Structures are given as C-alpha cells and as structure tokens.
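Quantities reported herein were computed from a predicted structural model and do not represent experimental measurements. Every heavy atom of this structure was used, including side-chain atoms; hydrogens, water molecules and symmetry mates were not.
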Amino acid sequence: GRGGRGIPGRLRAFREVALASVLVERHEGGLLRRIQYALPMANPAATDTAFFGHPRGLSTLFFTEMWERFSYYGMRALLLLYMTAPLAAGGLGFDAAQGGAIYGLYTSMAYMAALPGGWVADRLIGQRKAVLYGGIIISSGHFSMAIPSMVTFYLGLVLIVIGTGLLKGNVSVIVGQLYTTEDKRRD
C-alpha cells in the first residue's frame, strides 16, 4: 500500500545499528536524510575527582597550558629587550622600530596561528597529537634560539608560533571534553 510506504517502509525508517547508535531515515521532498544518534553512555569523567575535585586529565592539561603560557609570555617579556640590546651586551643590536615590528609580528602570529592549528587538528591529526606536536615544536623553537645566529633566531620564532598555534586552541578543546555539558564543575 501507499506506493511502498506501508509497514515495511516504516520498519526501514527506524532501525538499530549496533548497540551504540540509532540510524533514522527520513524522506523529505524526495531526499533521504540519515541521522545518527548516540545512546547515553556512562562518562567516567563525571565521577573522576582525582585532581582537586576535577578529572585527573585536567592536571596534565593545566601544567601543559601553564608551560606554554610561561614560554609565550616569558618570550614576550624578554624578546624586545634582547633584540634592542647592543651587540656588546649580548643583544642583537636592532633599533626600536625594527625590534618593535618583529615583536608585533611574533605576538600577532602566535594568536592567528591558532586557526590553522585548529584546522590541522580537526581535519588531520586530532587534538591530542596537535598538543603533543605543538609542545615539541615550541621546545625546538626555544632550543633553536639558544644557538647564536640570526637564522636560528628567526627559525626559533617561527617554530614557537607554529607550536603555539597547534597547542593553544586544542588544549582548550580537550579540557572541554573532560566534562559533560551538565557537569557543575565545568567553568
């Protein structure tokens, strides 16, 4: 009956696929829409209170973010002073205009790099790997800047920007995934 939309059509419209999801098919204007719903599952983070009443993963993420912030703001505090210090005092001997331009470019690019860093994590490698690789790249940038050369100085700045872009936004995503939307500990 009804052009094939009787009981068999209704059975086809709602079916269970495995135990973890339900697939719903709806016909709207000749188009087939498939929607997958996840069944509620127990969230182990909801009962995890190992780190001052919060999930244990928060401690690792907290210290990772603290290290990255110390690295970034520590670099901001010293970078302009280092670039404008005279060569005899161990600096680079830049004038204030050139040092300010490099400083401004570095600070703005560190924040703008979060956009491609998020895209790379979402599309290619995932948030956890992005945070890991970002930390490694930031460390490589600092080690590069320890070698007294203009090439390694600029290479270090670029590596720190790339690493910060991979790490900054993705740490926040992972922290958000530690809590359910109903969790009162979520801030």
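- Contact of the T164 side chain with the E68 side chain is registered, since non-hydrogen atoms from C-beta on lie closer than 4.5 Å.
- Side-chain contact between I138 and L159 is absent, with no heavy atoms from C-beta onward closer than 4.5 Å.
- For Q127, the side chain to side chain donor-acceptor pair (under 3.5 Å) test picks out D122, with sequence neighbours left out.
- Annotation: side chain of L166 is not in contact with side chain of L132 (no heavy-atom distance under 4.5 Å).
- Remark: R69 engages E65 in a salt bridge (charged side-chain N to carboxylate O under 4.0 Å, His left out) (not counting sequence neighbours).
- Under the side chain to side chain donor-acceptor pair (under 3.5 Å) criterion, the residue pairs touching residues 141-163 are S71-H142, with sequence neighbours excluded.
- Contact detail for S139 and W67: the closest heavy-atom pair is OG-CZ2, 3.5 Å.
- Residue A113 comes nearest to V161 through the heavy atom pair CB-O, 3.6 Å, listed as atom of the first residue, atom of the second, then distance.
- Between I137 and L167, every side-chain heavy-atom pair lies at or beyond the 4.5 Å cut-off.
- For Y111, the ring-ring contact (aromatic ring centres under 6.0 Å, His included) partners two or more places apart in sequence, or in a different chain, are Y72.
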Identify all side-chain donor-acceptor contacts of residues 97-109 below 3.5 Å with residues at least two apart in sequence or on another chain.
from	atom 1	to	atom 2	distance (Å)
Y103	OH	R76	NE	3.1
Y103	OH	R76	NH2	3.3
T107	OG1	Y103	O	3.2
T107	OG1	G104	O	3.1
S108	OG	G104	O	3.0
S108	OG	L105	O	3.1

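- Side-chain contact between F153 and Y82: present, with at least one pair of heavy atoms (C-beta onward) separated by less than 4.5 Å.
- Residues passing the side chain to side chain donor-acceptor pair (under 3.5 Å) test with T84: none are found, sequence neighbours excluded.
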